[in-house]
> 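First the structure, then my questions, so here it is.
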Amino acid sequence: MKTKAAVIWEPGQDWEVMDLELDPPKDREVLIRWRAAGLCHSDEHIRAGKGAPNTRYPLVGGHEGAGVVEAVGPRVERVKPGDHVVCAFIPSCGHCRWCSTGHQNLCDLGAFIGPGSMLDGTYRFHARGQDIGSMCLLGTFSEYSVVSEYSCIRLDPAIPFSVAALVGCGVTTGWGAAVYAAQVHPGETVAVFGIGGVGINAVQGAKMAGARHIVAVDPLESKRRWAKEFGATHVASNGEEARQLIQELTWGAMADKAIVTAGEVHSDVAMEALSVVGKTGTVVMVGVSMQGASVKLPESLITLFEKRIVGSLFGSANPVRDIQHLLNLYRDGQLKLEELITTRYTLDQVNQGYRDMWEGKNIRGLIEYPA
Ligand SMILES: NC(=O)c1ccc[n+]([C@@H]2O[C@H](COP(=O)([O-])OP(=O)(O)OC[C@H]3O[C@@H](n4cnc5c(N)ncnc54)[C@H](O)[C@@H]3O)[C@@H](O)[C@H]2O)c1
Ligand SMILES: [Zn+2]
Ligand SMILES: [Zn+2]
């Protein structure tokens, strides 16, 4: 069949929206008609050629998405045609060492994200005589995709596709970074560096976990304003301002937790986060650094004050359980999801959507496909 999709042919080029050939689903694969796709910063890293070193081009972008199962291949057990689904940006097989020990976010099948192929190593999208991969095995910047059943999570049809899509990455990543990776406790002081689609949900997670002070740090005024609407108690426009503020708020004890959700992580922002946490404080690294980049930090601050640095992928959450869990909190009015969607775009406007992201116009931009 044919599908219209946004493709990156070479790193550094714009998204090209064009018709592709799409093969039918094979063993344990599912054909999805997407209804909504979120514009996460990670696709921009890939577009700019700054993603994981083993990224293969060309590929169809998009890894936040929700839609309807149109058809299934042989041996599919998790979903059936007609089901509404949200897709997790990391598949979970359920039986590898990580899935079977409660770390579905670290499933061994995540290894296929770099090549962007299906789990049998072949490709379902084709054009110009080439095989085309899918971002995070999904490729939600397409009217239709074939995905692994291990990426699919069934959705209550009462939940709008638009809000469900965001829980496939940004919401779970940010919320889980605060609740699971940082383990924010009631009464703690938390700093969040970078208030995008991910960081705003770290603010929501910290609030839900009972933080006393939530200091949102972002150079953009629009982001600081949104942060307050989502639960930040204080805002700062840079690390030094945040450090002084937190020093005052905590009488010098400093923050318990800092969460780094900046669009691009480098030594400066990592150092700022390390400086705002006090003794035994934890810094959670969520934002991604440029390809091959290192982060340089002073050993003495870490050793002498027993500070901890923790990585967090997909909010250190268990997507199969936590995506449902977060959608229940949304349904009960405890988690803001509709308010995250600032601007809605058509697939043809994907490049505009990313320009708006850079200009700070969106908490999250969303592509919507016609019903
Ligand atoms: N670890 C994971 O599982 C995971 C999952 C999704 C996204 N990510 C990464 O998380 C990061 C954030 O993604 P997003 O979609 O929220 O991006 P975004 O572009 O929507 O938001 C990033 C925000 O960071 C701010 N910022 C930039 N530099 C800053 C600095 N030095 N200090 C404070 N704020 C700063 C920007 O102004 C912007 O508001 C990206 O690097 C993305 O690739 C990681
Ligand atoms: Zn993402
Ligand atoms: Zn697994």
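Numbering of ligands and ligand atoms starts at 1, following listing order. Residues take their numbers from the sequence shown, with the count starting at 1. Worth knowing before you read on, the calculation uses all heavy atoms, side chains too, and leaves out hydrogens, waters and symmetry mates.
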> Counting the benzene-type ring for Trp, do Phe161 and Trp34 have ring centres under 6.0 Å apart?
no

> Any carboxylate oxygen within less than 4.0 angstrom of a Lys/Arg side-chain nitrogen, looking at Lys26 and Glu29?
no

> So, regarding His266 and ligand 1 (criterion: nitrogen or oxygen to nitrogen or oxygen, under 3.5 Å), is there a contact or not?
no

> Sort out for me which residue in Phe89, Tyr180, Trp175 forms a ring pair (Phe, Tyr, Trp, His ring centres under 6.0 Å) with Phe314.
Phe89

> Return the residue, atom name and 0.1 Å-rounded distance of the protein heavy atom closest to atom 2 (C) of ligand 1.
Thr173 CG2, 3.7 Å

> Could you tell me whether Lys207 sits above the aromatic face of Phe230, with NZ or CZ closer than 6.0 angstrom to the six-membered ring centre and within 45 degrees of the axis?
no

> Please work out which of Phe314, Trp358, Trp226 has its closest non-hydrogen atom nearest to atom 3 (O) of ligand 1.
Phe314

> What I want to check is whether the side chains of Thr346 and Arg344 have a donor and an acceptor closer together than 3.5 Å.
no

> How about CH2 on Trp9, more than 12 heavy atoms from neighbouring residues, nucleotides or ligands closer than 6.0 Å, or not?
yes

> For atom 28 (N) of ligand 1, find the nearest protein heavy atom and state the residue, atom name and distance (0.1 Å precision).
Ala262 CB, 4.0 Å

> Just checking, Arg56 and Tyr123: is the charged tip under 6.0 Å from the six-membered ring centre and within 45° of the axis?
yes

> Is there an N/O/S atom in Cys136 that lies less than 2.8 Å from the Zn ion (ligand 2)?
no

> Just go through Asp218, Asn105, Val269 and tell me whose heavy atom is the nearest to atom 36 (C) of ligand 1.
Asp218

> Give the single entry among Ser222, Cys169, Gly287, Ala191 that approaches atom 6 (C) of ligand 1 most closely by any heavy atom.
Cys169

> Give me the nearest non-hydrogen protein atom to atom 13 (O) of ligand 1 as residue plus atom name, then the distance to 0.1 Å.
His41 CB, 3.5 Å

> Hey, is Leu313 touching ligand 1 through its side chain, its backbone, both or neither, going by heavy atoms under 4.0 Å?
both

> Would you kindly say whether Thr189 and Thr250 are connected by a side-chain donor-acceptor distance under 3.5 Å?
no

> One pair to check against side-chain contact (heavy atoms from CB on, under 4.5 Å): Leu119 and Leu109. What are the steps and the verdict?
CA-CA 8 Å; Leu119 300 178; Leu109 298 182; 3.7 Å; yes

> Are any of the side-chain nitrogens in Arg47 or Glu16 under 4.0 Å away from the carboxylate oxygens of its partner?
no

> Quick check: does Cys107 put an N/O/S atom under 2.8 Å from the Zn ion (ligand 3)?
yes

> Please confirm whether Lys223 comes within less than 3.5 Å of ligand 1 when only nitrogen or oxygen atoms on both sides are compared.
yes

> Taking non-hydrogen atoms only, is His45 closer than 4.0 angstrom to ligand 1 via side chain, backbone, both or neither?
side chain

> Once rounded to 10 degrees, what value does the angle at the Zn ion (ligand 3) take between SG (Cys99) and SG (Cys93)?
110°

> So which protein heavy atom does atom 7 (C) of ligand 1 come closest to, and at what separation?
Ser42 OG, 3.3 Å

> In terms of side-chain geometry, is the basic nitrogen of Lys2 or Glu143 positioned less than 4.0 Å from the acidic oxygen of its partner?
no

> So, Ser275 versus Arg243: side-chain donor-acceptor pair below 3.5 Å or not?
no

> What protein heavy atom is closest to atom 44 (C) of ligand 1, reported as residue, atom name and distance in Å?
Val286 O, 3.1 Å

> Counting non-hydrogen protein atoms only, what is the nearest one to atom 21 (O) of ligand 1? Give residue, atom name and distance.
Gly196 CA, 3.1 Å

> Classify the contact between Val265 and ligand 1 as side chain, backbone, both or neither, using a heavy-atom distance cut-off of under 4.0 Å.
neither

> Report the part of Met357 in contact with ligand 1, treating N, CA, C, O as backbone and CB onward as side chain, heavy atoms under 4.0 Å; options are side chain, backbone, both, neither.
side chain

> Check whether any N, O or S atom of His63, backbone or side chain, sits closer than 2.8 Å to the Zn ion (ligand 2).
yes

> Could you tell me if Asn362 and Tyr345 have a donor-acceptor pair between their side chains, going purely by distance under 3.5 Å?
yes

> Starting from atom 35 (C) of ligand 1, find the nearest protein heavy-atom neighbour and note its residue, name and distance.
Pro219 CD, 3.6 Å

> Of the side chain and backbone of Asn362, name the one, both, or neither that has a heavy atom under 4.0 Å from an atom of ligand 1.
neither

> Please state which protein non-hydrogen atom is closest to atom 40 (C) of ligand 1 and give its distance, to 0.1 Å?
Gly263 O, 3.3 Å

